[in-house]
Each structure stands twice: as C-alpha cells, then as structure tokens.
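Take a look at the structure below.
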Number of protein chains: 2
Amino acid sequence: MLFATFAVSTSNSCYAAYMKSVPKPRNKAAAKPTINDIARLAGVSKKTVSRVINRSGSLHDDTREKIEAVIRETGYVPNPQARALALGRNFLIGLVHDNPNAQMILNMQQGILEALRDTDFELVVRPVDRSSPDMLDDVRSFLVRQRLYGVVLLPPISEIDALARLCEEVNCKYVRMGSSVLDDPDHMVASNDRDAVIEATRHLIALGHRRIGLISGPHGFNSAQVRRDGFEFALAEAGIKLPRSLIADGQYTFESGIAAAESLFDLQPRPTAIFACNDEMAAGVLFAARSRGIAVPEELSIIGFDDTPIAARVWPPLTTVRWPIVAMGRSAALKIIGDATSVSPEDQEPSTFVSTLVRRGSVAPPMK
Amino acid sequence: MLFATFAVSTSNSCYAAYMKSVPKPRNKAAAKPTINDIARLAGVSKKTVSRVINRSGSLHDDTREKIEAVIRETGYVPNPQARALALGRNFLIGLVHDNPNAQMILNMQQGILEALRDTDFELVVRPVDRSSPDMLDDVRSFLVRQRLYGVVLLPPISEIDALARLCEEVNCKYVRMGSSVLDDPDHMVASNDRDAVIEATRHLIALGHRRIGLISGPHGFNSAQVRRDGFEFALAEAGIKLPRSLIADGQYTFESGIAAAESLFDLQPRPTAIFACNDEMAAGVLFAARSRGIAVPEELSIIGFDDTPIAARVWPPLTTVRWPIVAMGRSAALKIIGDATSVSPEDQEPSTFVSTLVRRGSVAPPMK
DNA sequence: TATATCTGCGCAAACGATCGCCCATGATAG
DNA sequence: CTATCATGGGCGATCGTTTGCGCAGATATA
C-alpha cells in the first residue's frame, strides 16, 4: 500500500472510527493520494488542505508550508472530477467555431494549448452550425452540461452578440476573436485588420497600380466589412475612384475566389492588381489566372490575407497579410484562465494584435 | 505554480446569478432536474432510474416506460461530473497527436466529432512532443488525471507500442491510426496505402515513364516505409531498375520536398516523373520545378499522397492519392464508444479503408 | 480581570451519480 | 401446502472535493 510508510501524526479517534467503518478496500491498483491522506499526514483537516490548494482564507505560514511539503512529497494532485462536481465548474476550455478556415482553427488550437500547457485545463473542441436554428440551444447545453470554465469564440460566430449574452447568462467566461476592436477588452482579442489592409493597398498604389480589384468576404462578416473599409479608405486617400464593377463578392472559399476572379478578368480594361480578402480566395485568383494564361505578377498582382501555409506554397508565393493567430489564441486563453493561475497576475493580456504585410512574389509594378 | 485557484467571491456571485436566472423562458432544460426528482416523479428509487439510464439490470417494461416518459418530459440529463466521479471514468475522448500534417489533424477531428455528435462524449485534443523523454509520462498523467474514456492515437506516435501498452495499463480504450494493417482490428484503423501507391506508380508506368523519382517520408515512420515498399514493388513488377540515386529523403514537409526535388533535378538525365510520399512534399516539388522553369506536367509529372486541400489549389492541380481520413476518424471514434451507445451494436466498424488515386493535371506522358 | 474582536482551523453536509447488498413478490417444483 | 428460486426494486454507502457554520485560543481594549 502506498502510504503505509507515512507516519500518522494524529491519533484522531473520529478518523479511526471512519476508517473502521469502511466496509472493504477499493481496488488499490490505482491508489492515488487523496486530500484525506494529505490532511492526515500533515496533521490538519481536509478544509485546511483545501485552503492552501485554493489559496483561500488565511492560515499560519507554518501550517501552509507543512502542507505544501506533504503535497510535494506525495505528488498529490486533486481529482478533477471531484472538484468539478463540488465546484459546479469544470477545468475545461471550449473552442467553439463554425468551420472557418481550417488552418486558422488549428493555429488557434495551438495558441490556446500553449497557454494551457502546465495548467490543469484541457481544451474541448466543438464545431457548430451557424445556419441551424438550434445553434444557440446547442451551445447552451454544451456550456451548461459540461460546466465549461470558459470558451473561445472564433469568427464568424464570435460576431453574434446573442452568443456572448448566452455565455454571460450561464456564467461562462468567454473571449471573442475578431477583426475589429470592441470596447470590451476583457472579452475580445482582435487584430488591426483595417490598418493592415490600408498598408497593403498603399503598397499596390505606390507601385503604380490604379485599377485594383477587390474580392470581398461574405456579407454580414465583420472581418469582411473591416477589410473592405480599409481598402476603400486607402484608394480614396490616394484620390483613386473605385467603380462598383471592381468589387467582386467572395465567400472566403477557394472556389468563390476563382469565380470572382473570372468576373474581374472579363472587365475591359482588366484590373492590374487584385486584393483578395483572404488567402484561399487569393489562391483562387492565381489559379484562375493560370487557367487563362495571365502571367503573375507581370500582368496581374495579387495580395491575400491571413498568411496561411498555402500562401507560401503556390507559385509565385503570395504577398499577404500575416495575422498572428497563434499569439492571439494564447492571449485569449490566458484572458480566460488568467485569474486561475498565479503567473504574473499584474500584466494584462493584450487585446489588440498587429497584422503585418508579408512581401512575396505575387506583386510587381503594372505593365506599361 | 502547481494548482489553479479560484476567487471565492467570483464563485459566490456567479452562483447567485445562476440561481437568479432560474425563472427561465423555456420550461425545459434551465432548472436542472436531478435523478432524485426523476425518481420522485416516477414513483421509484434513484437506483431504478439509474438502471434505465445505463441499460443495466432487468426491470419491468411498465416501469421503464414510465421513467423514460418522465425523463423525456423533464428534459433530464445526468450530470457528467457526478457520473465521472462515481464511475471513475470520464465521458471524454482524447486525440493525441505529434504534429503531423495539420490538415490531417483537422480532418481527423471532423471525423471523430461526427461520431460523437448526439452522444454524451466530448473531444479533448492533446498534442505531445515525441522527442521529449517525458512523453510517456505526460500521456499517462493526461489519461489518468482526466480519466479518459478512450483515446485516438494519430501517426506517427500511433506506431509507438509503448503507448498502446500504456493505454492498456491505465485501462483506457484506444485506437491507433495507421498505414498498414495490424492484426488487432479492435485497436487499429488503417488504410491500404501500399495498394494505392502501387496503383499510382502503375499509372505513371502505363503512361510511359521509366525514370521515376521517389521522395520518401522520414525514417522510422511506418507510413513512409509502406509507401516506399509499394513504389518499389510496382517498379520491380514492371521490370524497371531503380537506382538508389532516384530515391531522395524527405521529411513530410514542404521545404524538404523542395530540397529533395532539387537533388533529383540535378541528376543526368532528370527523372520524368516524381512520386512524393505526401502532398506537402509534392507541392514542394512543383514549387521547385517552377523556380527552375521546368514545365509541369510537360517536362515533369508529379504525384502526391493525402489529397489535402493544397493539392487542388496549386497549378496544375496535383494528381494524388485520397485517404479517407474523415471516415477513418469516425470509425475510430465509433470503435471506442461503440459499446456505450445503443446504435446497432452488432455491425463491427471497419478497420481497413481504401485509398484511391485522384487524377488531376500534374501527370502527363513523358516527352519523347 | 472581564469582555469584545479576530484568527486559524475542524466538523459535517452538500455535490449528483453508481452500485453492493438485502428484501418483497410471484412462480415453480417437490 | 410449503420450500426454493428468480426477479424487480429500494436503502444507503461511496467517489474526492468544497464550503457554511461554529468553536476554541490569542490578542486587544477597558
């Protein structure tokens, strides 16, 4: 038996009676120390051990150190299931998303997991269907049943205010990932997409491009709106008129990028550059250009957004905007578990991250 | 520090908020009924309710139907935390992986989540570091602490026998994903990579290719070995000699594909076709060919493996082998939770899946 | 010295299921 | 007609924590 060698420092008759009342020993194969063992070895009560574990209440330094020593010595780890039951709250962080870019989800997971490493938290992933009328109920039952400690909401569903209200209602911490800064830094991690798009568009303009096409994101997406705003601002700033025909609707998918590019290619004269609101669509533009024999970047410059792996794998590699998703995921997770871990509680996690232009081979000055 | 802490005041206030939110619009799931409520409403004991929930023991049809009616009526859902504590087993499925292809992880998650949909199970993701000496201990503490119901092991770490033994030891169900069939169908889901590679290679040979290069996967990977075996088998079968110089080492990464392609391009004469053991490396070959001005598929045919999204997004789109990862993930999850769900317990989940050749634009007959 | 105020700490009751045992009931055999 | 058995169903212990309440003992104030 694991603890037979430990000295029992108190002869508590109540405890002895308790031990005697146990009808039969459980399977001791998975014998792990419980809080009772720690209390017995330290000569205190469970409550006191719980106090040092949860840093609640005040207690003598001697007592605390004694208990901490015993914990360290036995390698005691509190049982998460029992904690969850007593606390009514689980040590799980949920990642709720609605099938946006696959690479983005994975980078997000990576960032969150980095923050959760060496903590007691685990990551639970949960895709939802935004178009389903039951979506809110699904999420609600997910949060309530699993008693999640917190959730990270990925765009585009992070833009649904009802979801945020739901989290408040069921008392679940949450962080919304987004493309524009809300006035709620505790529940929001965002990037400065607008500035980055302005920078990208200025880059094209500086090279001499004047007929620049835009492939937008789907309607109703905040990120799509913000990126389009930045694009239009940069053009207006340079005094360039933007005819409606140069704006093509996209759906953030490769195929929609191809379709949008086809429509832009049919214009007379053709745009000399295209800004696509994400890399998937930019890859579609490149694909469509190749199909038509349009040389990139000689006859057509392309800029994407996201800097997903595909941007660097196509030929020519795409100039794009790098979005620090991993760092944002880490920050989001730290915002949620921040008060539960004792790692430097002072410095606030940043809420805004800077996206930067990555110059590769898909951009060149326009032909004369 | 070692343990997470809770702010007591937060916990209290949220409890109050939760209690206040009980007068709820929907009469269904907000006020969570307990098993005691069900027992009282049905006029039976907790134990009997538990019997119908867990399908254990035998009991009168009248009793069962009565209880089921009450459960349906009240929208009762058993508390997962309490179940986990009493059962010593959580309703969580773990996905343990060591950073292989990102797209593969995501497809895997999708497949598993499809199987878990409408069950009480959730998916917990856990990346590990295979090169770390603590890897086994990390996984062990993960399994033991979270009391996982089961885990899905992704390649390449699925090939580590010690991991499988560890799962047995801690009494955790597991399924290993792989590229070759082991003799343990209960714990293995595999695809017939070898046959698929043979088919792909035969395809190249039938078109007239004789100098075919191979970019292998990293040493020690079973999938790499199996794919290489298939390649060599198909060449031998056609009586084609394979000089060692036509085999280049790859690491399953885009960059290693570029490097391996460069070395093959330096050969005199150059190979007319290259089989890369995954799409990432195949994309690297295409990238390297473009850099050198080698026309694909006119001067060089390329075949990849996996059919990840990138294969269809580059130009020309890559001929590749499609691996039914999503279906395999679903099957793996069903193998684990199969006996816990009442969905047709008779039909065994398949252990072997068929990979098929997808013909796209990166293959053509060799030039004369 | 007596009273009031803290402070550290323990007892025992939740938390919400599961499950070992025991009992009641009706059927069947001797 | 009684003894044995099979079977549906209940009581209460248990899983390992957290926490409300209360009680000593120490310190401060009058």
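These numbers come from a predicted model, not from an experiment. In the text below, chain A, chain B and the rest are named by the order of the sequence lines, each starting its count at 1.
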Who pairs with B/Arg126 by side chain to side chain donor-acceptor pair (under 3.5 Å), at least two apart in sequence or on another chain? A/Glu122

Whole angstrom is fine here: how far is it from CD in A/Gln81 over to P in C/dA17? 16 Å

Among D/dT18, C/dG16, D/dG9, the one nearest any side-chain atom of B/Ala86 is C/dG16

Contacts of A/Arg130 that satisfy salt bridge (charged side-chain N to carboxylate O under 4.0 Å, His left out) - sequence neighbours left out: A/Asp98

Side-chain N or O of A/Arg83 closer than 4.0 Å to phosphate OP1/OP2 of D/dT18: yes

With sequence neighbours left out, write down each residue that passes side chain to side chain donor-acceptor pair (under 3.5 Å) with A/Arg145, or none if nothing qualifies. none

When all nucleic acid strands are considered with a 4.0 Å heavy-atom cut-off, which category describes B/Leu87: base, sugar-phosphate, or nothing? sugar-phosphate

For the side chain of A/Arg64 and the base of C/dG8, is some donor closer than 3.5 Å to an acceptor across the two? no

Name all residues meeting the side-chain contact (heavy atoms from CB on, under 4.5 Å) criterion together with B/Asn171; count only those two or more places apart in sequence or in a different chain, and write none if there are none. B/Arg89

Report the residues that fulfil side chain to side chain donor-acceptor pair (under 3.5 Å) with A/Ser45, sequence neighbours left out, ordered by chain and then residue number. A/Thr48

When you check the phosphate oxygens OP1 and OP2 of C/dG10, does a side-chain N or O of A/Thr48 lie under 4.0 Å from one of them? yes

Here the distance between atom C1' of C/dC15 and atom CG of A/Leu85, to the nearest Å, is 4 Å

Check if the side chain of B/Arg51 and the base of D/dG9 share a donor-acceptor pair of N or O atoms closer than 3.5 Å. yes

Sorted by number, the residues of residues 38-47 of chain B with heavy-atom contact under 4.0 Å to DNA chain C: B/Lys46, B/Lys47

Ignoring backbone atoms, establish whether B/Thr34 has a side-chain N or O less than 4.0 Å from OP1 or OP2 of C/dC15. no

Any carboxylate oxygen within less than 4.0 angstrom of a Lys/Arg side-chain nitrogen, looking at B/Asp186 and B/Lys173? no

Counting just side-chain N and O atoms, does B/Tyr76 come under 4.0 Å of either OP1 or OP2 of C/dA17? yes

Please determine, for the side chain of B/Ala82, which listed nucleotide (C/dC15, C/dA17, D/dT17) has the closest atom? C/dA17

